[in-house]
Number of protein chains: 2
Amino acid sequence: MSSDPDTLDRMLAERLRARGRRVTSQRVVLQRALHELGRHASAEEVRRAAEDRLPGLSLPTVYATLELFEELGLVRRVAAGAGPVLYDPRTDGHAHFRCRACGAVTDLDARPDATAARRAARRAGHDPEAVEVLVGGLCAACRV
Amino acid sequence: MSSDPDTLDRMLAERLRARGRRVTSQRVVLQRALHELGRHASAEEVRRAAEDRLPGLSLPTVYATLELFEELGLVRRVAAGAGPVLYDPRTDGHAHFRCRACGAVTDLDARPDATAARRAARRAGHDPEAVEVLVGGLCAACRV
DNA sequence: GTCGCTGCAAAGTATTTGCATAGCC
DNA sequence: GGCTATGCAAATACTTTGCAGCGAC
């Protein structure tokens, strides 16, 4: 997974065109902003990160764009269970940890084995695409 | 895990007293309502299920009660990523499937292997308590 | 030039908070 | 009787929708 801006831009343009979608400055800047943050962020955080380059960027556009990125396989949606939905520029299958005290969400360096869950989904007639693993508990800072 | 109402009531009363919390009719009825539904439900659904037995039951009370149940280990919180948070009376570690088209959330008969994720959490200094596995994709009905 | 994308405003849904009253222990 | 839980109302947070003008192709 390259984080070189040019490579990212090119991949974005390519995937957009493959679907007949347009390459707009908002989409380019938002992808860069999310990757520069380098971590899962809420729509509002992404908007702030892109604020200087795109003054007046509206939140509905950010939501629409992030949803599009997810369709394109460029980001992963992380449902933390409280607070805003997070969008993660890392698309490899890693788990997340959420502190029930402070609400902070961090990455875990674990590649969860999703085969069992995928198989169960297929057995039930579904078509599994993504698997999200969320560990809840007390984070290092909140453990007292 | 017994679903006998009396057993459930007794377990609830026991755990409440162990924490010095009170046994109220709302708490008893809400636990029964959730178990009678027999599936993950939103706060609003639980309120409707208890409506006839507790007219005038307020939604804030339902939220507070379900949060308390989670602390007591009687329900699991399921963050579906869109729509309301769901509360699941099944406390064994099973995975969930969420359809990205219709939004329906169903149980999967898979006991995900959470050891890797738990270990990674501990390695990061956190104290892992619960692990939630959510599979996303198209459900049987939406696959066309 | 066409048609999709954006910005704006507004609505809609989900959840939390503050405070007075009621009721368990 | 003390102190917690509840109900009510309001506020807040998050996200989606509808529409008019702009801009990529």
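Below, each value reflects all heavy atoms present in this structure, side chains not excepted, and no hydrogens, waters or symmetry copies. To find a chain, count down the sequence lines: A is the first, B the second, and so on, and within it residues start at 1.
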Please report the C-alpha distance between B:Asp107 and B:His96 in whole Å, then the side-chain angles of each, then the deciding distance to 0.1 Å, and finally whether the side chain to side chain donor-acceptor pair (under 3.5 Å) criterion is met.
-> CA-CA 5 Å; B:Asp107 283 341; B:His96 290 102; 3.1 Å; yes
Out of curiosity, A:Glu70 CD to A:Tyr87 OH, how far, rounded to the nearest 0.5 Å?
-> 7.0 Å
Looking at B:Thr61, does any N or O in its side chain come under 4.0 Å of the phosphate oxygens OP1/OP2 on D:dA5?
-> no
So, the side chain of A:Arg122 versus the backbone of A:Asp127: is there a donor-acceptor pair under 3.5 Å, distance only?
-> no
Answer with base, sugar-phosphate or nothing: what part of the nucleic acid does A:Gly20 contact at a heavy-atom distance below 4.0 Å?
-> nothing
Atom-pair distance (CD on B:Glu44; P on C:dT16), nearest Å = 15 Å
OP1 or OP2 of D:dG23 less than 4.0 angstrom from a side-chain nitrogen or oxygen of A:Thr24, does that happen here?
-> no
Is any side-chain nitrogen or oxygen of B:Ser58 closer than 4.0 Å to OP1 or OP2 of D:dC8?
-> no
Toward the 5' end of DNA chain C, which comes first, A:Pro55 or B:Arg21, by nearest nucleotide?
-> A:Pro55
To the nearest angstrom, the CG-P distance between A:Leu12 and D:dA24 comes to 14 Å
Can you tell me the distance, in whole Å, between the OH atom of A:Tyr87 and the P atom of D:dC14?
-> 12 Å
Could you pick out which residue, B:Pro60 or B:Gln26, lies toward the 5' side of DNA chain D when each is mapped onto its nearest nucleotide?
-> B:Gln26
Report yes if at least one side-chain N or O of B:Tyr63 is closer than 4.0 Å to OP1 or OP2 of C:dT16; otherwise report no.
-> no
Between atom CZ in B:Arg19 and atom C1' in D:dA5, what is the gap in whole Å?
-> 17 Å
Distance in Å, A:Thr24 OG1 paired with A:Leu54 CG, rounded so as to fall on 0.5 Å steps = 8.5 Å
Calculate, to the nearest 0.5 Å, the distance between atoms CZ and CD belonging to A:Arg98 and B:Glu129 respectively.
-> 11.5 Å
Send over the distance from A:Glu67 CD to C:dT6 P, rounded to a whole Å.
-> 13 Å
Send over the distance from B:Leu57 CG to C:dG23 P, rounded to a whole Å.
-> 14 Å
C:dC5 OP1/OP2 closer than 4.0 Å to side-chain N/O of A:Arg27 = yes
